[in-house]
Amino acid sequence: MTDQIAADRLPKLDKLAEAGIPSYPPRVPKPVPIASCLEGFDDRHGEKVVVGGRLTQIRDFGKLRFSHLLDLGGSIQIGFQRDRLPEFWPNRKLVEANDQVVIRGELGVTQKGEPTIWADEVILATKALRHPPEKWAGLQDVEARYRMRYVDLFANPEVRETFVLRSRIVREIRAYFDGLGYLEVETPMLHPVSGGATARPFVTHHNALDMQLYLRIAPELYLKRLLVGGMERVYEVSRVFRNEGISTRHNPEFTMLESYEAWADYADIMDRVEGLFAHLCDTVLGGQSKVSFRGAEYDLRPPFERARYLDLFAEANPGVDWFDEASVLARAKELGLKTDGLPLPKIANDIFEETVEDTLRGPVFVHDYPVAVCPLAKQSPEDPRIAERFELFVAGMEMGNAFSELNDPQDQERRFAEQLVHMDEETPSEMDVDYVSALEFGMPPAGGLGIGIDRLAMLLSGSDSIRDVILFPLLRRVDASAPPAEESADAPQAEPAP
RNA sequence: GGGGGCGUAGCUCAGUCGGUAGAGCACCGGAUUUUUAAUCCGAUGGUCCCAGGUUCGAGUCCUGGCGCCCUCACCA
């Protein structure tokens, strides 16, 4: 890991000062993107341009020097000639690989036809005190890549591309929902009552109000309050926090899209999801629809396959009745699943996850879940055991979750109470009575949706790990000055009050 | 939290049976007006993750710790 300034670079600062060249000038001429210089290059020889970026790969030939200049959108060869740069030439070695420079020059080609900017003026924009990573292999060390993402980004072009892609995904998600008349809103991240999902929350404390607060595990209950308030179509691109394990698919903070639409049901939301994926194919993927992920190819162009939860369950577990205790317990034992103290629906759903989820290549909508595993979804009018809920699976990963939103306040209160009976560290510790009150004012029938943006970005960029689509994934701190984990006066991690 | 793997120069990596710490790139000096992983000559560069232990001798073996990766569990 690079944790020392390259000793040979410090003396350069003095030499630059002696030469009257500022190492960190407050302003430099504004460059144009390198990509724009390369457009129609053949007809533009002799044109003067100003480009800027990081200098790489210097190649010296006595009175001639070549290098490349890298900016976000591209790179181009820079040619330095002694005769064109009489003032700069004696100081040329003070400007090195990794420095940020601005080049004023003329478009042209070399003898071998390489597009080149022949420099007329070289302006040091920022002196770099550290060496660049190895020019051929780049930065490979996984830990260093995550801890020093800023190096990873300029050293590894595919990393830049992935994060540009992620940005486009988020932009196009916004464009899609904006186009449907949705309002983008912001709801609290600090929740007095943790809810909207089953997950362990991060606990914190507000001093002035002397109040325990939770970082949100989902924005759901606030967004639905907005439906009560008459905001008929809302969405939020929301960072959520779950105090749980870290893996290639999990980061303690991650980004979810949640959307809610009045006068819609879960079937309408399926259309929305398909519409969204079609939009992403058209825009982000440039009309393509096939992505390759973890060694397999997936076609993201709708329509998507549909399968009923209980049909998939029956197929994978012949003779097992999801709703029958003896049958479920026997099957769970057979699969070696934990059953002690767990409510029956939880066990049955574990069987589903164990036997079905990994096999779902998709994209596929799994729909009509047993109501017992959907505390916020509306019951089916045809079958009271079933909730109007679906999840979207691709490559065995849950990508989205949606339902016809439960808006019966008394039913909601019963479901919350039911959850509290089987309380564990992941279920909400108390009932969100304010949410139930909100429903008592009347929430229009609505369909809601949650989509994991990080996993979507993994799929669209072909990234195996969630850390490859999160700029700064959570890592343990390594500095010696770290405070002990146990002591943190301002943030007691006590159990939630009853 | 369990299991497996890894940690050596700024970067990418070798290091055999326990016997003087290595290469390429980068960097520094020199040559070079057409390279683009430039080339050639020369030089510099080490807390072998940390702390103990075994040993005449440890990068190598043992114990403990730290960090990261994979995997299982939990979860989205």
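Order of the sequence lines sets the chain letters (A, B, ...), proteins ahead of strands, with each chain counted from 1.
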Participant: Does OP1 or OP2 of B:C68 have a side-chain N or O of A:R476 closer than 4.0 Å?
Facilitator: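 For B:C68, OP1 or OP2 has a side-chain N or O of A:R476 closer than 4.0 Å.
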
Participant: Tell me whether A:R149 forms a cation-pi arrangement with A:F472, defined as NZ or CZ under 6.0 Å from the six-membered ring centre and within 45 degrees of its axis.
Facilitator: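 No, A:R149 does not sit over the ring of A:F472.
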
Participant: May I ask you to test the A:I269-A:F390 pair for a side-chain heavy-atom distance under 4.5 Å?
Facilitator: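 Yes, their side chains come closer than 4.5 Å.
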
Participant: Heavy-atom nearest nucleotide on RNA chain B for A:R455 versus A:K12: which residue maps closer to 5'?
Facilitator: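 It is A:K12, whose closest nucleotide lies nearer the 5' terminus.
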
Participant: What's the gap between B:G22 and B:G45 when it is taken at their C1' atoms, as a whole Å value?
Facilitator: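 Straight-line distance between the two C1' atoms is 13 Å.
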
Participant: Tell me whether A:F66 is stacked on the nucleobase of B:A38, counting only the six-membered base ring and applying the 5.5 Å and 30° thresholds.
Facilitator: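 Aromatic stack with B:A38 absent for A:F66.
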
Participant: Can you tell me the pairing partner of B:C48 across any strand shown, Watson-Crick or G-U wobble, with both distances under 3.5 angstrom?
Facilitator: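 Result: none.
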
Participant: Should A:R59 be listed as having a side-chain N or O under 4.0 Å from OP1 or OP2 of B:U34?
Facilitator: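 So the side-chain polar atoms of A:R59 never come under 4.0 Å of the phosphate oxygens OP1 or OP2 of B:U34.
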
Participant: Please tell me whether A:F403 and A:Y266 form a close aromatic pair, meaning their ring centres lie under 6.0 Å apart.
Facilitator: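 Not under 6.0 Å, so no.
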
Participant: Which residues pass the side chain to side chain contact (heavy atoms under 4.5 Å, CB included) test with A:S75, not counting sequence neighbours?
Facilitator: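 Testing A:S75 for side chain to side chain contact (heavy atoms under 4.5 Å, CB included), a comparison that skips the adjacent residues, returns A:H68, A:L70.
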
Participant: Take atom C1' in B:C40 and the same atom in B:G46, then report the distance between them in whole Å.
Facilitator: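 The same atom, C1', in both gives a distance of 28 Å.
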
Participant: Taking atom P in both B:U71 and B:A38, what distance in whole Å separates the two?
Facilitator: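 That atom pair is separated by 36 Å.
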
Participant: Can you check whether A:T248 has a side-chain N or O nearer than 4.0 Å to OP1 or OP2 of B:U71?
Facilitator: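 Affirmative; the distance criterion is met.
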
Participant: Please tell me whether A:F352 and A:Y309 form a close aromatic pair, meaning their ring centres lie under 6.0 Å apart.
Facilitator: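 Judged by ring-centre distance (under 6.0 Å), A:F352 and A:Y309 do meet the cut-off.
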
Participant: Between B:C41 and B:G5, how far apart are the two C1' atoms, rounded to whole Å?
Facilitator: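 Those two atoms are separated by 42 Å.
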
Participant: Indicate whether OP1 or OP2 belonging to B:C69 is found under 4.0 Å from a side-chain N or O atom of A:R467.
Facilitator: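 Yes.
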
Participant: Can you check whether A:Q140 has a side-chain N or O nearer than 4.0 Å to OP1 or OP2 of B:C13?
Facilitator: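 It does not, given that no N or O in the side chain of A:Q140 lies less than 4.0 Å from OP1 or OP2 of B:C13.
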
Participant: Between A:E391 and A:L475, which residue's closest nucleotide on RNA chain B lies nearer the 5′ terminus?
Facilitator: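 Comparing both residues, the 5'-ward one is A:L475.
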
Participant: Of the residues in residues 37-50 of chain A, which ones touch RNA chain B at a heavy-atom distance under 4.0 Å?
Facilitator: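 Under 4.0 Å from RNA chain B: no residue of residues 37-50 of chain A.
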
Participant: When the side chains of residues 88-95 of chain A are checked against the rest of the protein, which donor-acceptor pairs come out under 3.5 Å, sequence neighbours left out?
Facilitator:
| residue | atom | partner | partner atom | Å |
| --- | --- | --- | --- | --- |
| A:R92 | NH1 | A:W89 | O | 2.9 |

